[in-house]
Amino acid sequence: MPLASLDLQGAHACFGGAQRFYRHNSREVGLPMKFSVYLPPQALEGAKVPALIYLAGLTCNEETFMVKAGAQRSAAELGMALVAPDTSPRGANVPGEADAWDFGVGAGFYLDATEAPWKPHWRMESYLTQELLPLLGEHLPIDTARIGIFGHSMGGHGALTLALRHPALFRSVSAFAPICAPSQCPWGEKAFTGYLGPDRSQWSAHDATGLMQACEQPPFPAGILIDQGLSDPFLAEQLHPQRFEAACAQAGQPLTLRRHAGYDHGYYFVQSFVADHLEHHAAQLGVLPLRASH
Ligand SMILES: N[C@@H](CCC(=O)N[C@@H](CSC=O)C(=O)NCC(=O)O)C(=O)O
């Protein structure tokens, strides 16, 4: 398969649109990568539609969100595409790459590693921003001038940090239970030490709270949406939404941080609020919501 061609591996009719799964040879990662796309009916009828990039969490892959979140009905109603990439390179055969569930395979943290042995292939930030987005515009009926980004847990960290690092690419951002201050939690400390090295001064450029603390102006004046379950077992040790909340307040960044009693970290939580996230993005991408917004 040549570079820049997409291999369609599966297609399913869904709410009048199409659920597709693609594989392609990635220039940035240097390995085959997979991603999934939901195209709403409007895209099959010839329109270029806005799209949301969804970044999944630790242990997930390009299928997880499409199978578990139940977002396609809202995407069809709103006329928005959904795109979910895999969470890391696979098949690099780096020694120890699959030894842990929170580092290596399935745990790319949406950044470019600077440290051996990860540096050649663990290039998820460049893959997403410099390769996948242009590919979507070239091969699919997606309007790359209207892209939002959201994600869950490690993917929530990815959504917040990539939006803050690339505001010209992403016009809207939201997250479910994101790792909000990875420099200050065990998951993030492990990943950043391995991928970026022990010098903590290099970490804040990939830390949502650190990035927001450096903002002199609100980067997303129309607002950021975060949902967080209060029965999430990872909340106290790993997620720290209150730190991002404080950084947003300091920067003047409007933030809707909704804390939900009884909800845990899983996809029952995500599917409970995913329609609100699509409407949040639709409003900021110029799509008229069909239901009253949150
Ligand atoms: N160790 C467990 C748990 C892994 C887990 O909870 N993964 C979350 C993301 S955690 C932060 O990024 C997840 O989304 N899991 C998928 C799901 O369907 O819930 C394990 O290995 O399963």
Side-chain angles (χ1 to χ4, degrees), residues 19 21 34-36 38 52-72 82-90 96-111 113 118 122 124-125 127-128 149-163 173-196 203 206-209 225-244 257 259-260 262-274 277:
Q19 178 64 58
F21 295 89
K34 292 181 179 178
F35 66 92
S36 59
Y38 175 69
L52 303 185
I53 310 296
Y54 178 87
L55 304 181
L58 295 164
T59 72
C60 296
N61 61 27
E62 76 284 356
E63 284 187 315
T64 310
F65 174 75
M66 297 303 182
V67 172
K68 291 189 169 185
Q72 289 92 340
L82 302 169
V83 179
D86 202 350
T87 54
S88 78
R90 295 179 197 265
E97 65 178 17
D99 287 357
W101 65 273
D102 56 0
F103 186 75
V105 171
F109 273 82
Y110 306 105
L111 49 73
W118 311 102
W122 262 251
M124 291 300 288
E125 179 172 9
Y127 168 64
L128 293 169
I149 189 165
F150 66 148
H152 170 233
S153 196
M154 174 185 73
H157 141 78
L160 294 172
T161 55
L162 293 185
V173 58
S174 71
F176 301 93
I179 304 171
C180 285
S183 304
Q184 303 176 65
C185 77
W187 281 340
E189 288 175 322
K190 179 176 180 176
F192 285 7
T193 301
Y195 297 140
L196 302 175
W203 294 6
H206 299 278
D207 180 301
T209 297
L225 171 64
I226 292 179
D227 279 310
Q228 175 62 57
L230 293 179
S231 295
D232 184 331
F234 300 122
L235 174 56
E237 187 180 21
Q238 304 283 9
L239 304 180
H240 303 313
Q242 74 284 357
R243 294 183 182 163
F244 186 68
L257 171 53
R259 295 172 166 92
H260 302 282
Y263 286 87
D264 64 22
H265 196 68
Y267 271 82
Y268 296 112
F269 158 65
V270 172
Q271 66 180 256
S272 298
F273 301 105
V274 75
H277 284 246

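First listed ligand is number 1; within each ligand, the first listed atom is number 1. Along the sequence shown, residues are numbered consecutively beginning with 1. In this text the structure is predicted, and so the values were computed from the model without any measurement.
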Student: Does the ring centre of Y195 sit less than 6.0 Å away from the ring centre of H206?
Tutor: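 Not under 6.0 Å, so no.
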Student: So which heavy atom in the protein is nearest atom 19 (O) of ligand 1, and how far is it from that ligand atom?
Tutor: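 Its nearest protein heavy-atom neighbour is Y267 CD1, 3.8 Å.
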Student: Can you check whether L58 has an N/O within less than 3.5 Å of an N/O in ligand 1?
Tutor: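 Yes.
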Student: Considering distance alone, does some N or O of W187 sit under 3.5 Å from an N or O of ligand 1?
Tutor: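 For ligand 1, there is no N or O atom that lies under 3.5 Å from one belonging to W187.
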Student: For ligand 1, which atoms sit closer than 4.0 Å to a heavy atom of H152?
Tutor: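 Reading through ligand 1 atom by atom, the close ones are 14 (O).
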Student: Do T87 and L58 come close enough that some side-chain heavy atom pair is under 4.5 Å?
Tutor: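 No - every pair of side-chain heavy atoms lies 4.5 Å or more apart.
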Student: Taking 4.0 angstrom as the limit and counting only heavy atoms of M154, give me the atoms of ligand 1 inside it, by number and element.
Tutor: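 Listed by number with element: 11 (C), 12 (O).
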Student: Is it true that Y54 and Y38 have ring centroids separated by less than 6.0 Å?
Tutor: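 Aromatic pair excluded; centres sit 6.0 Å or further apart.
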Student: Which heavy atom of the protein is the closest neighbour of atom 18 (O) of ligand 1, given with residue, atom name and distance?
Tutor: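 That would be K68 NZ, 2.4 Å.
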Student: Closest approach of A69 and V270, non-hydrogen atoms and distance?
Tutor: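 The pair with the smallest heavy-atom distance is CB-CG1, 4.1 Å.
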Student: Assert yes or no for the condition that the ring centre distance of H152 to Y267 is strictly below 6.0 Å.
Tutor: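 They qualify: ring centres under 6.0 Å apart.
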Student: Starting from atom 21 (O) of ligand 1, locate the nearest protein heavy atom and write down its residue, its atom name and how far away it is, to 0.1 Å.
Tutor: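 The answer is T59 CG2, 3.5 Å.
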Student: Which atom pair, heavy atoms only, marks the closest approach of C180 to A208?
Tutor: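 Closest approach of C180 to A208: O-CB, 3.7 Å.
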Student: Is there any N or O on S153 that sits under 3.5 Å from an N or O of ligand 1?
Tutor: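 Yes: some nitrogen or oxygen of S153 is under 3.5 Å from one in ligand 1.
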Student: Can you check whether S36 reaches L82 side chain to side chain, under 4.5 Å on heavy atoms?
Tutor: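 No. Closest side-chain heavy atoms not under 4.5 Å.
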Student: What protein heavy atom sits nearest atom 6 (O) of ligand 1, and how far off is it?
Tutor: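 The protein heavy atom lying closest is F234 CE1, 3.9 Å.
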Student: Can you sort out which atoms of ligand 1 are near H265, meaning under 4.0 Å from one of its heavy atoms?
Tutor: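 That gives atoms 10 (S), 11 (C) of ligand 1.
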Student: Centres of the F103 and W122 rings: under 6.0 Å?
Tutor: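 No; W122 has its ring centre 6.0 Å or more from that of F103.
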Student: How far is atom 3 (C) of ligand 1 from its nearest protein heavy atom, and which residue and atom is that?
Tutor: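 Protein heavy atom with the smallest distance to atom 3 (C) of ligand 1: W101 CZ3, 4.1 Å.
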Student: Nearest non-hydrogen contact with atom 14 (O) of ligand 1 belongs to which option: P178, C60, G57?
Tutor: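 Looking at heavy atoms only, C60 sits closest to atom 14 (O) of ligand 1.
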